[in-house]
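I have placed the structure first, in the form of structure tokens, so that the comments after it can refer back to it.
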Protein chains: 2
Amino acid sequence: MAEKSYHHGNLKEGLIEAGINLINEEGEKHFSLRRVAALCGVSNAAPYSHFKSKEELLKAMQNHVTDQFTAELKKSIKDEDLDSPTAIIKLGKCYVMFFIRNPQYFEFLFSQSLVRVDLNMNDDGANNYPPFELLRKLTFRVFRKMGMPKNEIKDIVISEWATVHGLAAILTMKGISYDYDWEQKIEDIIVHK
Amino acid sequence: MAEKSYHHGNLKEGLIEAGINLINEEGEKHFSLRRVAALCGVSNAAPYSHFKSKEELLKAMQNHVTDQFTAELKKSIKDEDLDSPTAIIKLGKCYVMFFIRNPQYFEFLFSQSLVRVDLNMNDDGANNYPPFELLRKLTFRVFRKMGMPKNEIKDIVISEWATVHGLAAILTMKGISYDYDWEQKIEDIIVHK
DNA sequence: CTTAAATCTTTACAGCGTAAAGATTGAGTT
DNA sequence: AACTCAATCTTTACGCTGTAAAGATTTAAG
């Protein structure tokens with residue numbers, strides 16, 4: 001409720017929020033620093049007090065959306081038995097449905113991606129992508145309980161991630177036509193193997 | 001070997017080729033119409049005689065790369081028994097390896113994608129993405145031979161595509177670290193299910 | 001109250017996509 | 001061979017972009 005004054009008061013968060021709105025409404029192609037600044041009622045160069053470049057603002061926006069994504073993933077297995085394969089299915093379904101509900105986010109998060117993941121999964125890798133970390137930990141927990149050796153679980157983790165990530169990629173392609181009840185269909189496709 | 005003259009002689013193809021080279025060497029972020037024009041030794045506006053916009057040139061470039069991709073996929077199953085699941089594995093492996101060899105192409109082909117696919121696969125859908133069509137036809141052929149009903153095969157096709165497409169997406173992420181012999185590993189991951 | 005740091009504005013510049021108008025060339029007609 | 005027209009290319013120009021630089025305003029600390 002801040003009145004118009006020289007200082008915005010909350011410009012950094014304001015830019016991130018306005019930027020995400022702009023992406024949602026018009027897509028990344030029509031995103032520009034100047035437009036975001038205008039949406040916040042500040043001048044062209046004002047964002048440079050908080051972000052050293054357009055890319056830095058985009059990264060902050062990506063991190064914000066990733067946080068939201070991660071929160072939904074965690075919520076999806078909150079009441080599940082974390083030793084059961086059912087939990088993995090729930091998590092995978094949530095992964096895909098997030099992008100079906102927010103199709104713009106897929107390209108936004110993964111084009112020029114910030115994701116840094118160690119697929120060797122040696123527990124010392126710099127894995128800065130929490131959604132993958134959730135899937136990795138849960139899968140190791142479930143399959144270790146079933147007595148599977150670690151090396152095999154590694155392949156399963158990658159396979160699971162590839163499946164849900166690939167499904168999200170395919171189902172958010174602009175021209176895709178589909179008549180399914182995806183909520184159920186996704187589960188069928190994930191479980192099928 | 002054309003000497004410098006007012007007319008370029010082969011500008012349309014020249015722009016497509018120079019554009020793809022630019023993408024390969026510097027990435028899509030540094031791609032611009034003016035730079036491609038300069039690479040071809042013509043003026044800023046010359047491309048507009050052949051493409052009505054930057055997007056149209058990019059589409060032509062995407063189609064060119066997709067043709068190359070499709071050719072490699074066809075070649076990968078040229079000597080295979082097309083009634084055997086082995087052929088599907090070969091095709092899937094080729095799908096992923098293409099993008100491992102050409103990491104820049106993944107984002108280039110699928111961000112702002114031209115892909116138009118009917119996942120209902122009613123044989124009347126407008127499917128303009130030949131790589132998917134190859135996978136779809138081959139999979140139906142193999143699994144029909146095995147007596148599987150069409151509805152189940154549909155899910156398998158989507159699952160297969162999601163897996164290889166997702167693998168390609170993951171393995172071409174910029175920060176991914178991996179120590180594997182992927183050629184073999186990919187097969188393990190695809191077959192695992 | 002003074003000063004410094006943080007935040008915002010103004011101005012400026014090069015690069016971008018592309019519209020418009022004009023120059024050059026080659027191909028076809030006569 | 002001369003004319004004509006369409007295709008192809010250049011020049012110029014406009015508004016938008018990212019961002020560097022310098023200056024204004026406000027807040028916070030001493």
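Below, read A as the first sequence line, B as the second, and so on, with proteins coming before strands; counting in each chain starts at 1.
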Quiz prompt | Presence of A:Ser43 side-chain N/O under 4.0 Å of C:dT9 phosphate oxygens OP1/OP2 | solution = yes

Quiz item: Between B:His50 and D:dC9, is there a side-chain N or O to OP1/OP2 distance below 4.0 Å?
Solution: yes

Quiz item: Near DNA chain D, which residues from residues 9-21 of chain B have a heavy atom under 4.0 Å away?
Solution: B:Gly9, B:Leu11

Exercise. State, without any angle test, whether B:Gln184 and B:Asp188 hold a side-chain donor-acceptor pair at a distance under 3.5 Å.
Key: yes

Quiz item: With a 4.5 Å limit on heavy-atom distance, are the side chains of A:Tyr105 and A:Gln62 in contact?
Solution: no

Quiz item: Looking at side-chain heavy atoms only, is the closest gap between A:Met97 and A:Ile100 below 4.5 Å?
Solution: yes

Exercise. Answer whether the closest heavy-atom distance between the side chains of A:Met173 and B:Val117 falls below 4.5 Å.
Key: no

Quiz item: Should the heavy atoms of other residues, nucleotides or ligands under 6.0 Å from NZ of A:Lys90 be counted, would the total exceed 12?
Solution: no

For nucleotides 12-17 of chain D, which of its nitrogen or oxygen atoms have a protein nitrogen or oxygen under 3.5 Å away, and what is each distance?
unit_1: D:dT17; atom_1: OP1; unit_2: A:Ser32; atom_2: OG; d: 3.2

Exercise. Could you state the atom-to-atom distance from OH of B:Tyr48 to P of D:dT11 in whole Å?
Key: 17 Å

Quiz prompt | Atom pair distance, as rounded to whole Å: NZ in B:Lys52 and P in C:dG17 | solution = 16 Å

Quiz item: Is any side-chain heavy atom of B:Phe143 less than 4.5 Å from a side-chain heavy atom of B:Ile88?
Solution: yes

Quiz prompt | Inter- and intrachain pairs under ring-ring contact (aromatic ring centres under 6.0 Å, His included), touching residues 42-88 of chain B, at least two apart | solution = B:Phe69-B:Tyr95, B:Phe69-B:Phe98, B:Phe69-B:Phe99

Quiz item: Does the side chain of A:Thr66 reach to within under 4.5 Å of the side chain of A:Pro131, using non-hydrogen atoms?
Solution: yes

